[in-house]
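Report on one structure; see the data block that follows.
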Amino acid sequence: MKDEKLQKALARMGLGSRRQMEEVIKAGRVSVNNGPATIGDRVTPGDEIRVDGRQIKYTAENEKRRRVIAYYKPEGEVCSAKDPEGRPTVFERLPKLTHDRWVMVGRLDINSTGLLLFTNDGEMAHRLMHPSSEVTREYAVRVLGEVTPDIARTLTAGVMLEDGMAQFDDIKEGGGEGVNKWYHVQLKEGRNREVRRLFESQGLKVSRLLRTRYGTISLPKELRTGRFLELDKKEINTLTDLVSLRPRYGTGLHGAAKEKQERIRNKPLKARRTDTRNDNRNSSAKPKKSSASPASRGTRNSRDRNDKH
């Protein structure tokens with residue numbers, strides 16, 4: 001039976017970060033089999049683990065049901081568990097887990113929208129994000145200005161940014177009128193603001209950025225901003241195959257939870273605003289028009305839907 005380090009097991013069960021768990025162990029607040037625990041101790045499912053006297057239900061990672069959530073991030077939410085400025089975070093609307101935690105796959109900056117994946121499998125998240133896995137991300141980008149053929153060739157050949165060479169694997173026109181044009185781009189990295197910085201290197205400003213695909217998962221057509229859908233076994237296994245992870249028994253949804261997701265897919269929930277505190281104040285305001293990408297799969301008129309709701 002495979003064992004794992006105690007601090008890793010506690011962090012995986014959602015009790016805090018690995019560093020925080022090391023401090024809790026150092027403080028003498030953790031016991032294993034009625035004896036004081038030390039950093040580096042290894043545990044198995046047969047061990048009795050207590051934190052502050054409370055027994056923790058421990059399940060080996062390879063026996064845990066693998067779960068993945070697709071979340072439609074709206075503008076204004078921060079990709080972190082807590083924000084010192086008090087801004088809303090992407091974790092606030094996720095379903096609560098017991099003795100487990102959601103791990104975010106990749107990030108989007110506060111002004112970007114679209115697909116975010118979350119999983120309770122830390123190894124899966126790590127592989128999906130690691131550059132060596134070369135997992136494709138796809139974005140619909142509204143640009144102020146025109147991407148000429150020369151600029152497109154430059155962006156796909158490679159541009160030297162402050163943190164090294166970067167490039168798009170593909171760039172295609174996505175429609176639009178006037179000075180705002182939509183483009184669809186693909187790349188296999190997830191560096192900070194990389195898409196925006198690539199366009200800015202050519203003197204172009206990104207006015208909207210929406211992630212439409214991560215690996216094998218596209219933003220579901222029925223998903224509204226501020227909402228999530230839990231992926232089924234088949235969808236999850238396409239992701240694990242992508243990063244050479246073995247399938248796990250019990251993966252995905254079952255029973256009533258699966259039936260609930262099917263109802264949501266057939267009758268999508270309304271979009272949710274990021275800042276509900278302003279709902280009443282803005283209720284009399286006229287909806288703003290949006291130039292959504294006419295070619296964005298699963299994202300058409302998403303902002304118009306938000307204004308209506």
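Treat the numbers as computed from the prediction; the structure is a model and nothing was measured.
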hydrophobic_cluster_shared for Y71 and L128, side chain cutoff 4.5 Å: no
Can I get a per-line list of side-chain donor-acceptor pairs under 3.5 Å for residues 20-41, giving both atom names and the distance, sequence neighbours left out?
unit_1	atom_1	unit_2	atom_2	d
Q20	OE1	S17	N	2.8
Q20	OE1	S17	OG	3.4
R29	NE	D52	OD1	2.9
R29	NE	D52	OD2	3.4
R29	NH2	D52	OD2	2.9
N33	OD1	E48	N	2.8
N33	ND2	D47	OD1	3.0
T38	OG1	D41	OD1	2.8
T38	OG1	D41	OD2	3.4
D41	OD2	T38	N	2.8

Residue of the set Q261, K260, K233 for which side-chain contact (heavy atoms from CB on, under 4.5 Å) holds with L253: Q261
Check: Q167 side chain, T156 main-chain N or O, donor-acceptor pair, under 3.5 Å: yes
Distance, nearest 0.5 Å, that separates CG of D170 from NZ of K172: 5.0 Å
Pair R265 + E235, salt bridge at N-O below 4.0 Å: yes
From NZ (K205) to CZ (R142), nearest 0.5 Å: 11.0 Å
Test item: V78 and E85 side chains (from C-beta on) under 4.5 Å apart, heavy atoms: no
Straight-line distance of L210 CG to L219 CG, nearest 0.5 Å: 6.5 Å
CZ on R93 to CD on E77, rounded to 0.5 Å: 5.0 Å
Sidechain N-carboxylate O distance under 4.0 Å for D100, R67: no
Test log, rule side chain to side chain donor-acceptor pair (under 3.5 Å), inputs S80 and D83: CA-CA 7 Å; S80 61; D83 182 64; 4.8 Å; no
Flag side-chain contact, heavy atom, 4.5 Å: W182 against R208: yes
Straight-line distance of E262 CD to L229 CG, nearest 0.5 Å: 9.5 Å
R248 side-chain N/O to R65 backbone N/O, donor-acceptor pair under 3.5 Å: no
Short side-chain donor-acceptor distance under 3.5 Å, Y58 and E4: yes
Common cluster, I69/M124, ILVMFWY with side-chain heavy-atom separation under 4.5 Å: no
Connected-component partners of V103 among ILVMFWY, side-chain separation under 4.5 Å: none
Within one Ile-Leu-Val-Met-Phe-Trp-Tyr cluster: M129 and L108, side-chain cutoff 4.5 Å: no
Verdict with supporting geometry, E173 and K181, salt bridge (charged side-chain N to carboxylate O under 4.0 Å, His left out): CA-CA 8 Å; E173 292 187 12; K181 301 287 181 64; over 6 Å; no
Polar side-chain atom of R127 near backbone of S244 as donor-acceptor pair, under 3.5 Å: yes
Sole candidate of L242, L239, V105 that passes side-chain contact (heavy atoms from CB on, under 4.5 Å) when paired with I217: L239
R101 side chain vs A11 backbone, donor-acceptor pair below 3.5 Å: yes
ILVMFWY network linking V195 to L115, side-chain heavy atoms under 4.5 angstrom: no
is_close_aromatic(F168, F199), centroid dist under 6.0 Å: yes
Side chains of R66 and T251, donor plus acceptor under 3.5 Å: no
hydrophobic_cluster_shared for F228 and L97, side chain cutoff 4.5 Å: yes
